[in-house]
Amino acid sequence: MPQDGLTTRQRRRQAVLAVHTGHGKGKSTAAFGMALRAWSAGWPIGVFQFVKSEKWRVGEEAALKALGQTGGPAVAWHKMGEGWSWIQRAGAERDHAAEAAEGWAQIKRDLAAETHKFYVLDEFTYPMKWGWVDVADVVATLADRPGTQHVVITGRDAHPDLLAAADLVTEMTKVKHPMDAGRKGQQGIEW
């Protein structure tokens, strides 16, 4: 038992920073499972997707938005960018780095205002890896966030400083995947 003077109740109400990383499938799925639990606990949810297009419709988005309209806690959904940023598109003129920076600026504003109780920062490791968002700023902001706002960050190749700052780190390891055999992603499984 830690000698920090906190009661069991106080320990159960501490904010959690979770990171789901690794090359296996299920990082975002696990984060959205946590969001469902948070919503069920009565917490407002903020979802920020960093490399998924606003054109893409994913099952978790439809489900959580529907729940947010039932009279329960609100669910806000934000998408930054037009999709997987490393895919070259003819005529693509969007500035992914600027969009990621603005997304992070919005998250900082929401954290300061305590807008949500639970945040999903989906695929957020990539803007940090690519230098679009400063890792030190992310770590400091999350360490200093007010109240008991919980944050889960997903994506491969999480920065070591982020991992060190996190309370919970899960690494998804791929053992086998249908795409390795040439199968395509399918609705209900990948989105």
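Since the structure is predicted, the reported quantities are computational estimates derived from the model, not experimental observations.
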* To do: Would you tell me whether Gln49 and Trp77 have side-chain atoms, one donor and one acceptor, within less than 3.5 Å of each other?
  => yes
* **Gap separating the CG atom of Asp157 from the CG atom of Leu162, nearest 0.5 angstrom** => 12.0 Å
* Asked: With distance as the sole criterion, is a donor-acceptor pair present between the side chains of Lys27 and Thr21 under 3.5 Å?
  -> no
* Write down the atom of Val152, the atom of Met34, and the distance for their closest heavy-atom approach. => CG2-SD, 4.2 Å
* Asked: Where is the tightest heavy-atom contact between Pro73 and Pro44, given as atom of each residue plus distance?
  -> CB-N, 3.7 Å
* **Side-chain touch His116/Ile45, heavy atoms, less than 4.5 angstrom** => no
* **Non-neighbouring partners of Thr141 that pass side-chain contact (heavy atoms from CB on, under 4.5 Å), sequence neighbours left out** => Trp104, Lys108, Leu111, Asp137
* Taking Arg11 for the side chain and Leu6 for the main chain, is one N or O donor matched with an acceptor at less than 3.5 Å? -> yes
* After noting the C-alpha distance and the side-chain angles of Arg109 and Glu102, does the key distance pass the salt bridge (Lys or Arg N to Asp or Glu O under 4.0 Å) rule? -> CA-CA 10 Å; Arg109 290 188 292 270; Glu102 176 49 36; 2.6 Å; yes
* To do: Please name the pair of heavy atoms, one in Trp132 and one in Ala101, separated by the smallest distance, quoted to 0.1 Å.
  => O-CB, 4.1 Å
* Looking at Ala166 and Val19, what are the two nearest heavy atoms and their distance? -> CB-CG2, 3.7 Å
* Asked: When rounded to the nearest 0.5 angstrom, what is the spacing between CE in Met128 and CG in Asp161?
  -> 10.5 Å
* With a 4.5 Å limit on heavy-atom distance, are the side chains of Lys117 and Thr148 in contact? -> yes
* Asked: Mind checking whether Val138 and Leu163 sit in one hydrophobic cluster, side chains of I, L, V, M, F, W, Y counted as touching below 4.5 Å?
  -> yes
* To do: To the nearest 0.5 angstrom, please state how far the CG atom of Asp122 sits from the NZ atom of Lys79.
  => 10.0 Å
* **Test item: Val47 and Glu60 side chains (from C-beta on) under 4.5 Å apart, heavy atoms** => no
* Look at the rings of Phe124 and Phe50 and say which category their plane angle falls in: under 30° parallel, 30 to 60° tilted, over 60° perpendicular. => tilted
* Asked: What's the shortest heavy-atom distance between Met179 and Lys184, and which atoms?
  -> CE-C, 4.3 Å
* Structure fact -> When every non-hydrogen atom of Ala31 is compared with those of Thr154, the smallest separation belongs to CB-CG2, 3.6 Å
* Structure fact -> Distance col, row Arg156:CZ vs Glu123:CD, nearest 0.5 angstrom, shows 9.0 Å
* **ILVMFWY cluster, Leu168 and Ile153 together (side-chain gap under 4.5 Å)** => no
* Asked: Rounded to the nearest 0.5 Å, how far does NE2 of His23 lie from CE of Met172?
  -> 13.0 Å
* To do: Indicate yes or no for a side-chain donor-acceptor contact from Arg145 to the backbone of Leu142 under 3.5 Å, with no hydrogens or angles considered.
  => yes
* Ile107 CD1 to Tyr119 OH distance, which is reported to the nearest 0.5 Å -> 8.5 Å
* **side chain to side chain contact (heavy atoms under 4.5 Å, CB included) evaluation trace for Lys174 with Asp180** => CA-CA 11 Å; Lys174 183 180 83 160; Asp180 295 338; 3.0 Å; yes
* Can you label the angle between the His150 ring and the Trp43 ring as parallel, tilted or perpendicular, going by 30° and 60°? => parallel
* Is it true that Val169 and Val16 fall in one hydrophobic cluster, defined by side-chain heavy atoms closer than 4.5 Å? -> no
